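One structure is given here, and the rest of the page talks about it.
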Amino acid sequence: MKATVNHDACIGCGACTAVCPNVFSFDAEGKVVTAPVQDADKEAAIEAKEGCPTSAISVEE
Ligand code: SF4
């Protein structure tokens, strides 16, 4: 599974990094970057997508 963030929509709230830190993290410029979604993190990645206040996250197999 792969997660991507639309940086035009992201407001940097940090919800995704709190819910699924193995996949979502901030880079040095405060931009959310994503790591490949391991099987153990799938549910958390989907939770992060659903919890994003600006619907900036997409996940696909
Ligand atoms: Fe950006 Fe959404 Fe993550 Fe908040 S939850 S930091 S708006 S991608």
Side-chain angles (χ1 to χ4, degrees):
M1 181 183 274
K2 183 181 168 196
T4 52
V5 171
N6 175 352
H7 291 112
D8 291 334
C10 175
I11 57 172
C13 71
C16 56
T17 62
V19 168
C20 188
N22 288 343
V23 174
F24 302 92
S25 58
F26 287 109
D27 70 7
E29 295 172 349
K31 198 166 89 172
V32 176
V33 291
T34 58
V37 182
Q38 305 301 324
D39 284 351
D41 295 320
K42 278 186 177 182
E43 278 188 27
I46 290 166
E47 194 178 326
K49 168 187 153 58
E50 291 174 350
C52 176
T54 62
S55 301
I57 298 172
S58 303
V59 292
E60 59 189 56
E61 287 297 336

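As the structure lists them, so they are numbered: ligands from 1, and atoms in each ligand from 1. Note that the coordinates shown come from a computational prediction; the quantities given were computed from them, not determined experimentally.
Close approach of ligand 1 to Cys16 is summarised as follows: ligand atoms under 4.0 Å from at least one heavy atom of the residue are 3 (Fe), 5 (S), 6 (S), 8 (S). The atoms of ligand 1 that sit less than 4.0 Å from any heavy atom of Ile11 are 1 (Fe), 7 (S). Close contacts between ligand 1 and Thr54 involve ligand atoms 7 (S) [criterion: under 4.0 Å to a heavy atom]. Within ligand 1, counting atoms from 1 as listed, the ones closer than 4.0 Å to a heavy atom of Ile57 are 8 (S).
For atom 1 (Fe) of ligand 1, the set of nearby N, O or S atoms under 2.8 Å includes one belonging to Cys10. Taking backbone and side chain together, Cys13 holds no N, O or S atom under 2.8 Å from atom 3 (Fe) of ligand 1. Among the atoms of Cys52, an N, O or S atom falls under 2.8 Å from atom 2 (Fe) of ligand 1.
A salt bridge links Lys42 with Glu61: the closest approach of a Lys/Arg side-chain nitrogen to an acidic carboxylate oxygen falls below 4.0 angstrom.
In this structure a side-chain-to-backbone donor-acceptor pair under 3.5 Å is missing from Thr34 to Val23. No donor-acceptor distance shorter than 3.5 angstrom exists from the side chain of His7 to the backbone of Lys31, with no hydrogens or angles considered. Although no hydrogens or angles enter the test, the distance criterion places a donor-acceptor pair under 3.5 Å between the side chain of Asp27 and the main chain of Gly30. Within the 3.5 Å criterion, the main-chain N or O of Ala9 finds a donor-acceptor partner in the side chain of Thr54.
When heavy-atom distances to ligand 1 are checked against a 4.0 Å cut-off, Thr17 has no atom that comes that close, whether in backbone or side chain. Looking at Val32 against ligand 1, only its side chain comes within 4.0 Å, counting heavy atoms.
Contact check for Val32 versus Ser25: no side-chain heavy atoms found under the 4.5 Å cut-off. Within the 4.5 Å cutoff, no side-chain heavy atoms of Phe26 are placed close to those of Val33.
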